[in-house]
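Working notes for the structure below.
So that the names make sense, note that chain A is the first sequence line, chain B the second, and so on, each numbered from 1.
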Amino acid sequence: MRGLMKTKAQKILKVVSKIPEGKVMTYGEVAKACGLSCPRYIGFVLHNNPDPAKYSCHRVVNFQGKVAKSYAFGGENIQRQKLEEEGIVFCDNKIDLKKYSFHM
DNA sequence: CTCTTGACCATGT
DNA sequence: AACATGGCCAAGA
């Protein structure tokens, strides 16, 4: 039964990889986009991310507009730097979700 | 503002 | 093999 239905983890990764540059998505948005109801799972999947360079896990922020506390692929400072290079401006260690929020 | 609940899977015991 | 618990969180009470 698993053959026709990709795992939820794959779905999450797919959604995350579709976030355009200069935009971010919150964990809750990603979860709902995948039909999930467990935002915690997003973090779990991204932490088990097979290829962070492929999936834009750094474009996923928490609902406060801040980057994750524990960015496992180099440190949260790296995540922030990547976002800034995509044109996202940080203000007081936060980003303007109104400006950068992306939803499907 | 704090505490609890929610729902999913990988990992550890 | 089975059970318990944690994890880049969010929303509700």
Side-chain angles (χ1 to χ4, degrees):
Chain A
M1 292 304 245
R2 201 49 63 90
L4 298 177
M5 176 80 169
K6 292 189 177 182
T7 65
K8 295 172 183 181
Q10 290 293 329
K11 215 169 182 180
I12 293 171
L13 292 174
K14 185 168 258 182
V15 171
V16 171
S17 66
K18 282 178 180 164
I19 304 175
E21 292 185 359
K23 293 280 184 180
V24 296
M25 219 165 154
T26 64
Y27 291 95
E29 287 293 318
V30 175
K32 280 165 189 163
C34 296
L36 295 174
S37 337
C38 186
R40 300 176 68 171
Y41 183 55
I42 309 298
F44 185 76
V45 170
L46 292 181
H47 193 218
N48 287 315
N49 193 341
D51 192 350
K54 184 176 181 181
Y55 303 107
S56 318
C57 48
H58 61 271
R59 286 183 201 141
V60 183
V61 298
N62 61 20
F63 84 115
Q64 305 175 70
K66 292 177 66 178
V67 300
K69 310 169 194 170
S70 303
Y71 187 60
F73 310 105
E76 38 189 315
N77 51 322
I78 302 298
Q79 181 175 6
R80 186 167 84 211
Q81 187 177 324
K82 286 184 176 184
L83 292 173
E84 287 180 323
E85 287 182 13
E86 291 185 1
I88 296 177
V89 179
F90 273 70
C91 186
D92 191 33
N93 282 341
K94 292 187 231 175
I95 64 179
D96 192 346
L97 278 183
K98 299 183 189 69
K99 265 169 82 175
Y100 306 113
S101 181
F102 168 73
H103 81 99
M104 309 179 123

In whole angstroms, the gap separating C1' of B:dC9 from CG of A:Asn49 amounts to 15 Å
With rounding to whole Å, what would you report as the distance between C:dC8 and B:dT5 at their P atoms?
22 Å
Closer to the 5' end of DNA chain B via nearest nucleotide, is it A:Ser37 or A:Asn48?
A:Ser37
Measure the distance from NZ on A:Lys8 to C1' on B:dA10 and round it to the nearest whole Å.
15 Å
Tell me the interatomic distance from A:Asn62, atom CG, to C:dA11, atom C1', rounded to whole angstroms.
14 Å
Here the distance between atom P of B:dA10 and atom CD of A:Gln10, to the nearest Å, is 11 Å
Counting only side-chain heavy atoms from C-beta out, which of C:dC8, B:dC9, B:dA7 sits nearest to A:Cys38?
B:dA7
Enter the distance from A:Leu13:CG to A:Asp51:CG here, rounded to the nearest 0.5 Å.
10.0 Å
Looking at C:dG7, I'd like to know if its phosphate oxygens (OP1 or OP2) sit under 4.0 Å from a side-chain N or O belonging to A:His47.
no
Under 4.0 Å: is that the gap between some side-chain N or O of A:Lys69 and OP1 or OP2 of C:dC9?
yes
What is the distance from atom CD1 of A:Ile42 to atom NZ of A:Lys8, rounded to the nearest 0.5 Å?
11.0 Å
Rounded to whole Å, OH of A:Tyr71 lies from C1' of C:dC9 at a distance of 17 Å
Rounded to whole Å, NZ of A:Lys32 lies from P of C:dC9 at a distance of 16 Å
With a 4.5 Å cut-off on side-chain heavy atoms, are A:Glu21 and A:Arg59 touching?
yes
A:Lys23 atom NZ, over 12 foreign heavy atoms within 6.0 Å
yes
Any chance you could measure A:Ile12, atom CD1, to A:Tyr55, atom OH, to the nearest 0.5 Å?
11.5 Å
Between atom CD1 in A:Ile42 and atom C1' in C:dG6, what is the gap in whole Å?
16 Å
Hey, does A:Phe44 reach any base, or is it just sugar-phosphate, or nothing, if we go heavy atoms under 4.0 Å?
base
Send over the distance from A:Ile19 CD1 to C:dC8 P, rounded to a whole Å.
18 Å
Check: A:Arg40 side chain, C:dG6 base, donor-acceptor under 3.5 Å
no
If the P atom of C:dT5 is compared with that of B:dT4, how far apart are they to the nearest Å?
16 Å
